[in-house]
Amino acid sequence: MSKRPPSLVAAALVVALEGLIALGLGGYGILETLRGAASDLTAGLAAGAFGLLVGAGLLWVAWGGLLKVERWGRAPGVLAQILLIPVAVTLIQSQQALPGGTLLVMAVVGLAALLAPPTTRALVGED
């Protein structure tokens, strides 16, 4: 099916935004590590590289999977949203309410959009 319902487009946008944020944070982590801000060079570079990989993966899921209405894009998108919920709650509990609350809203909106019936029909088809 080539028609993308609004819920699928919304899901792709949320996943893409999360991917861009992960790319940005990963790149920032690597730059700060190379500037000498990290106490452990290897750990800092590894964490930054992980952020870059996660960001690239989320962008692939958004554009290569969801916006192309590929069935495989839904599972990693849902998994990412589920994994982001405890991260958001931890941020909120760490008195970082703005980034935590924003992340929580994004994860819930992304999960709702990925699990919405129109998204399911577009990705899985009608039985």
Side-chain angles (χ1 to χ4, degrees):
M1 172 181 252
S2 63
K3 186 164 173 19
R4 293 184 294 248
S7 60
L8 181 56
V9 174
L13 289 174
V14 168
V15 172
L17 181 57
E18 292 165 350
L20 290 172
I21 291 169
L23 276 176
L25 290 174
Y28 176 76
I30 288 174
L31 289 176
E32 286 297 300
T33 298
L34 293 175
R35 283 188 29 192
S39 60
D40 184 353
L41 178 68
T42 304
L45 290 176
F50 182 72
L52 292 176
L53 286 173
V54 168
L58 288 172
L59 287 173
W60 177 251
V61 167
W63 276 293
L66 297 173
L67 282 181
K68 289 188 177 180
V69 195
E70 297 285 341
R71 180 182 286 190
W72 65 264
R74 183 176 179 171
V78 168
L79 180 61
Q81 306 317 301
I82 291 170
L83 292 174
L84 286 174
I85 291 171
V87 172
V89 171
T90 300
L91 284 170
I92 292 168
Q93 291 172 342
S94 299
Q95 297 175 6
Q96 296 187 18
L98 183 60
T102 303
L103 186 59
L104 183 60
V105 168
M106 286 176 60
V108 170
V109 168
L111 194 58
L114 283 162
L115 298 176
T119 300
T120 301
R121 281 191 295 277
L123 293 175
V124 180
E126 295 186 41
D127 292 329

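Just so it is clear, the values below take in all heavy atoms, side chains as well, and ignore hydrogens, waters and symmetry mates.
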Point-to-point distance, once rounded to the nearest 0.5 Å, from CG of Leu23 to CG of Leu59: 5.5 Å
Shared ILVMFWY cluster between Leu67 and Leu20, side chains joined below 4.5 angstrom? yes
Give the cluster check for Tyr28 versus Leu103: same hydrophobic cluster or not, with ILVMFWY residues linked at side-chain heavy-atom distances below 4.5 Å. no
Contact summary for Pro5 and Pro118, nearest pair of heavy atoms: CG-O, 3.4 Å
If I take atom CG from residue Leu8 and atom CZ from residue Arg74, how far apart are they, to the nearest 0.5 angstrom? 10.0 Å
Taking Val69's backbone N and O only, do any of them form a donor-acceptor pair with Arg4's side chain (distance below 3.5 Å, no angle check)? no
Student check: side-chain heavy atoms of Leu123 and Trp72 closer than 4.5 Å: no
Mind checking whether Met106 and Leu84 have side chains closer than 4.5 Å, heavy atoms only? no
Do Gln96 and Thr90 make a side-chain contact, defined as non-hydrogen atoms from C-beta onward lying under 4.5 Å apart? no
Taking the side chain as everything from C-beta on, heavy atoms only, tell me whether Leu34 gets closer than 4.5 Å to Leu45. yes
Given side chains that start at C-beta, do those of Leu115 and Thr120 come closer than 4.5 Å, heavy atoms only? no
Verify side-chain contact (heavy atoms from CB on, under 4.5 Å) between Val109 and Gln81, making sure each step is shown before the conclusion. CA-CA 9 Å; Val109 168; Gln81 306 317 301; over 6 Å; no
Does a side-chain heavy-atom distance below 4.5 Å link Val54 with Glu18? no
Using the rule that two of Ile, Leu, Val, Met, Phe, Trp, Tyr join whenever any of their side-chain heavy atoms come within less than 4.5 Å, decide whether Leu41 and Leu52 are in one cluster. yes
Using modelled atom types only, decide if a donor and an acceptor are shared between the side chain of Thr119 and the backbone of Ala113 within a distance under 3.5 Å. yes
Hey, could you give me the CG/CD1 distance between Leu25 and Ile21, rounded to the nearest 0.5 Å? 7.5 Å
Any heavy-atom pair between the side chains of Leu114 and Leu66 that's under 4.5 Å? yes
Rounded to the nearest 0.5 Å, what separates atom CG in Leu79 from atom CG in Leu111? 10.5 Å
How close do Thr33 and Ala38 get, counting heavy atoms only, and between which atoms? OG1-CB, 3.8 Å
Does Val14 belong to the same Ile/Leu/Val/Met/Phe/Trp/Tyr cluster as Val105, with side-chain heavy atoms less than 4.5 Å apart forming each link? yes
